[in-house]
There are 2 protein chains.
Amino acid sequence: MSKQSTKKPCDSMPVKLNADPTEEAFAKLAWAIAHPARVQIMRLLIGREACVCGEIVDCLPLAQSTVSQHLKILKESGLIQGEVDGPKICYCINPDKLEQLKTLVAGL
Amino acid sequence: MSKQSTKKPCDSMPVKLNADPTEEAFAKLAWAIAHPARVQIMRLLIGREACVCGEIVDCLPLAQSTVSQHLKILKESGLIQGEVDGPKICYCINPDKLEQLKTLVAGL
DNA sequence: TTCCTTTATCGTTGATCTGCGATAGGCGAT
DNA sequence: ATCGCCTATCGCAGATCAACGATAAAGGAA
């Protein structure tokens, strides 16, 4: 099947994509998890309901400041949220945003 | 519900994430769609089965060289593939990779 | 062969990411 | 009030991305 056969390959009318703001939101969410450390953090939080920053640092081979930066990125994307608990900060996932991401990807 | 109540918030045993190579592959796929132009290209190709590079360029407000760069990135990620058709090149979705991406995201 | 079309690649510029150490701020404990 | 712990932020360095114009490569047509 090196040559295409049934599906008409190339020409139809030019579709003219409207600048859907969805694409930007989509790309932003995808970018939030487009780094191995952030994927790890997401999986860690999903598996544990909640976790203090210090423990996340212990689980990653990165400096505390770097982990804090990744947490900030994830928080800005809305995928996670942090709650102050005394001197510590408890991070947990935002189920709504996560569901939104899943829906967007599944809708591809 | 400012104070947590039922869910124990913070401390359990430290999980010690193993350096799963999955995270890297995941991040790579996510990064491929972490740009509005690439999301647009993906949606365009999904909606049309196949499309020549020139038409994709016409659909995006970007220079030809820039679009070609994005196509290269998507091709390297495996999400799309290009087939030479005379002087033109026909791009289409790689369903397997797309499914892999969906599975990874859904499995979060 | 010589053109013309189509696409990939090169080189450059500016912006952004990533990582770290050092430092500042907040909070509880003493 | 002071100390110590936890986290965020600030600078800095190096690397990578994003966008463009210009150019090269490949194939069909005349």
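Order of the sequence lines sets the chain letters (A, B, ...), proteins ahead of strands, with each chain counted from 1.
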Q) Would you say B/Ile89 and B/Leu71 make side-chain contact, with heavy atoms under 4.5 Å? A) no
Q | Between P of C/dC27 and CG of A/Asp85, the distance in whole Å | A | 12 Å
Q) Is the closest side-chain heavy-atom distance between B/Ile41 and B/Tyr91 below 4.5 Å? A) no
(Q) Using whole Å, what does the distance between atom P of nucleotide D/dA18 and atom CD of A/Glu24 come to? (A) 14 Å
Q.
Without decimals, in angstroms, what is the distance between B/His70 NE2 and C/dT9 P?
A. 15 Å
(Q) So, applying side chain to side chain contact (heavy atoms under 4.5 Å, CB included) with B/Leu98, which one of B/Leu29, B/Ile46, B/Ile80, B/Leu45 is it? (A) B/Ile46
Q: List the steps and the verdict of side-chain contact (heavy atoms from CB on, under 4.5 Å) for B/Glu49 and B/Ile93.
A: CA-CA 7 Å; B/Glu49 281 277 350; B/Ile93 291 285; over 6 Å; no
**Q.** A/Lys28 side chain near A/Ser77 side chain, heavy-atom distance below 4.5 Å
**A.** no
Q) Can you name the residues that form a side chain to side chain contact (heavy atoms under 4.5 Å, CB included) with A/Ala27, not counting sequence neighbours? A) B/Pro36, B/Val39
Q | Base-contact (B) and sugar-phosphate-only (S) positions in nucleotides 1-17 of chain D, heavy-atom cut-off under 4.0 Å, - elsewhere | A | -----SBBB-------S
Q. Taking atom C1' of C/dG19 as reference, at what distance in whole Å does atom CD1 of A/Ile41 sit?
A. 14 Å
Q: Note down the inter-axis angle between the two ends of the helix from C/dT1-D/dA30 to C/dT30-D/dA1, five pairs each, to the nearest 10°.
A: 20°
